[in-house]
J.: 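Okay, here's the structure, questions in a sec.
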Protein chains: 2
Amino acid sequence: MEDQSHDYSSCAAEQFSVDCPHRVLFGELSDKWSMMVLTVLANGPTRFNALKRRLEGISQKSLSQTLRKLERNGIITREVVDTAPVAVQYDLSPLGHSVLPPFRALYQWTKENLDQVEAARSSYDTRAG
Amino acid sequence: MEDQSHDYSSCAAEQFSVDCPHRVLFGELSDKWSMMVLTVLANGPTRFNALKRRLEGISQKSLSQTLRKLERNGIITREVVDTAPVAVQYDLSPLGHSVLPPFRALYQWTKENLDQVEAARSSYDTRAG
DNA sequence: CGGCATCCTTTTGGATACTG
DNA sequence: CAGTATCCAAAAGGATGCCG
């Protein structure tokens, strides 16, 4: 049974209530660390410290928090491999795979339009002094 | 002249350097207020206080900062209408229109998969106690 | 009306130490 | 190796007052 009877009264298209669950979920997905974790995992399952090495500048705490959040939202899976010492594999869930295309589209846009954005920045900074 | 000769040595696909300009730009676009401003402006030019009323929970300072950032990046335009008292219209630039599809795709995903995400959350919270 | 400047609180995040 | 817990510094964000 999938119908959870959401109250969408706060989700009108042009009125973003702080309670709108879509807004909340979007907010949880659209931070830079989540995006980068997803992009790395798109290339296959990865272990905690390998992930940390790929995401230059992230602290262990932030990575841990990001992974917990993505795991809770069902975007990634966490598998403990019982070796000594223990190994932990993170991977995209089917749900995680389904969210990749929009992310890629946005990231692709930043690549294709970076020059225009930088030109706009120069223009703005010149006008503003 | 469009070739600005970027140094992309820090932009390897699976190594997100803190200096990678795509990463920085993605970070500036993917915050909740920017997303919501863009979505409102997709329906036509809007004035400052009208925008503020639509974005429930935003402070004047945050809205102002968000608009400045989007304007600087060339995503939106700012037009001062010389009336008394003054009116200020914000609108999407052509560049702003071009970034809407990826945003819509991601937001659409949150709508289509919210049930699955909430089920995952319940499952996680049950496991974690 | 559409802001900027200031102050102050709250949140975020890094460094460090410790555990299974 | 893969974390959690704690402490502390830095940044984000709200409230208020003032200005063109």
Side-chain angles (χ1 to χ4, degrees), chain A residues 16-19 23-24 26-37 40-41 44-72 76-91 124-125 127-129, chain B residues 16-19 23-24 26-37 40-41 44-72 76-91 124-125 127-129:
Chain A
F16 293 97
S17 163
V18 291
D19 298 326
R23 164 174 161 174
V24 174
F26 188 97
E28 292 202 10
L29 288 174
S30 64
D31 84 291
K32 61 178 183 180
W33 295 132
S34 295
M35 179 279 286
M36 286 189 273
V37 166
V40 171
L41 291 186
T46 312
R47 291 171 55 172
F48 187 89
N49 279 330
L51 223 31
K52 186 170 185 304
R53 277 187 295 273
R54 294 268 182 98
L55 273 44
E56 184 186 292
I58 197 171
S59 68
Q60 191 200 36
K61 177 182 174 181
S62 295
L63 177 56
S64 194
Q65 286 174 340
T66 300
L67 291 172
R68 235 38 78 222
K69 187 174 66 179
L70 291 171
E71 184 192 359
R72 179 170 183 268
I76 66 173
T77 58
R78 176 180 184 275
E79 182 193 2
V80 179
V81 183
D82 195 8
T83 54
V86 68
V88 180
Q89 289 271 1
Y90 291 93
D91 199 359
Y124 182 93
D125 292 347
R127 288 198 304 277
Chain B
F16 292 97
S17 163
V18 291
D19 298 327
R23 164 175 161 173
V24 174
F26 187 97
E28 291 202 11
L29 287 174
S30 64
D31 85 291
K32 60 178 183 179
W33 294 132
S34 295
M35 179 280 285
M36 285 190 272
V37 166
V40 171
L41 291 186
T46 312
R47 292 173 53 174
F48 187 88
N49 279 330
L51 222 30
K52 186 170 186 305
R53 277 188 296 273
R54 295 267 184 99
L55 273 45
E56 183 186 291
I58 196 171
S59 70
Q60 189 218 31
K61 178 182 175 180
S62 295
L63 178 56
S64 194
Q65 287 174 340
T66 301
L67 291 171
R68 236 37 79 222
K69 186 174 67 179
L70 291 172
E71 185 192 359
R72 179 170 183 268
I76 66 173
T77 59
R78 176 180 183 274
E79 182 193 2
V80 179
V81 183
D82 195 7
T83 53
V86 70
V88 180
Q89 290 270 1
Y90 291 92
D91 199 0
Y124 181 92
D125 292 347
R127 288 198 305 276

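Order of the sequence lines sets the chain letters (A, B, ...), proteins ahead of strands, with each chain counted from 1.
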J.: Checking L63(A) against V37(A) for the side-chain contact (heavy atoms from CB on, under 4.5 Å) test, could you report, in this order, the C-alpha distance in whole Å, the side-chain angles of both residues, the deciding distance, and whether it holds?
T.: CA-CA 9 Å; L63(A) 177 56; V37(A) 166; 4.2 Å; yes

J.: Counting only side-chain N and O atoms of R47(B), is one of them less than 4.0 Å from OP1 or OP2 of dG2(C)?
T.: yes

J.: Salt bridge (Lys or Arg N to Asp or Glu O under 4.0 Å) with D31(B): which residues, sequence neighbours excluded?
T.: K69(B)

J.: Give the B/S/- string for nucleotides 4-20 of chain C, one per nucleotide from 5' to 3', where a protein heavy atom under 4.0 Å of the base yields B, of only the sugar-phosphate yields S, and otherwise -.
T.: B--B-----BB-----B

J.: Applying side chain to side chain donor-acceptor pair (under 3.5 Å), name anything that partners T77(B), two or more places apart in sequence or on another chain.
T.: none

J.: In residues 80-90 of chain A, what donor-acceptor pairs under 3.5 Å come from side-chain atoms, sequence neighbours left out?
T.:
residue : atom : partner : partner atom : Å
T83(A)  : OG1  : P85(A)  : O            : 2.9
Y90(A)  : OH   : R68(A)  : NH1          : 3.4
Y90(A)  : OH   : R68(A)  : NH2          : 3.4
Y90(A)  : OH   : R78(A)  : NE           : 3.4

J.: Give me the first and last nucleotide of DNA chain D, going 5' to 3', that has any atom under 4.0 Å from a heavy atom of chain A.
T.: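 Range of nucleotides touched by chain A: dC1(D) to dC7(D).
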
J.: What pairs with K61(B) under side-chain contact (heavy atoms from CB on, under 4.5 Å), at least two apart in sequence or on another chain?
T.: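 K61(B) satisfies side-chain contact (heavy atoms from CB on, under 4.5 Å) with S59(B), Q65(B) only.
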
J.: Rounded to the nearest 0.5 Å, what's the gap from OG1 on T66(B) to CE on M36(B)? Could you check?
T.: 9.0 Å

J.: Taking atom CD1 of I76(B) and atom CG of L70(B), what is their separation to the nearest 0.5 Å?
T.: 5.0 Å

J.: Going from CH2 on W33(B) to CG on L67(B), what distance comes out if it is rounded to the nearest 0.5 angstrom?
T.: 12.0 Å

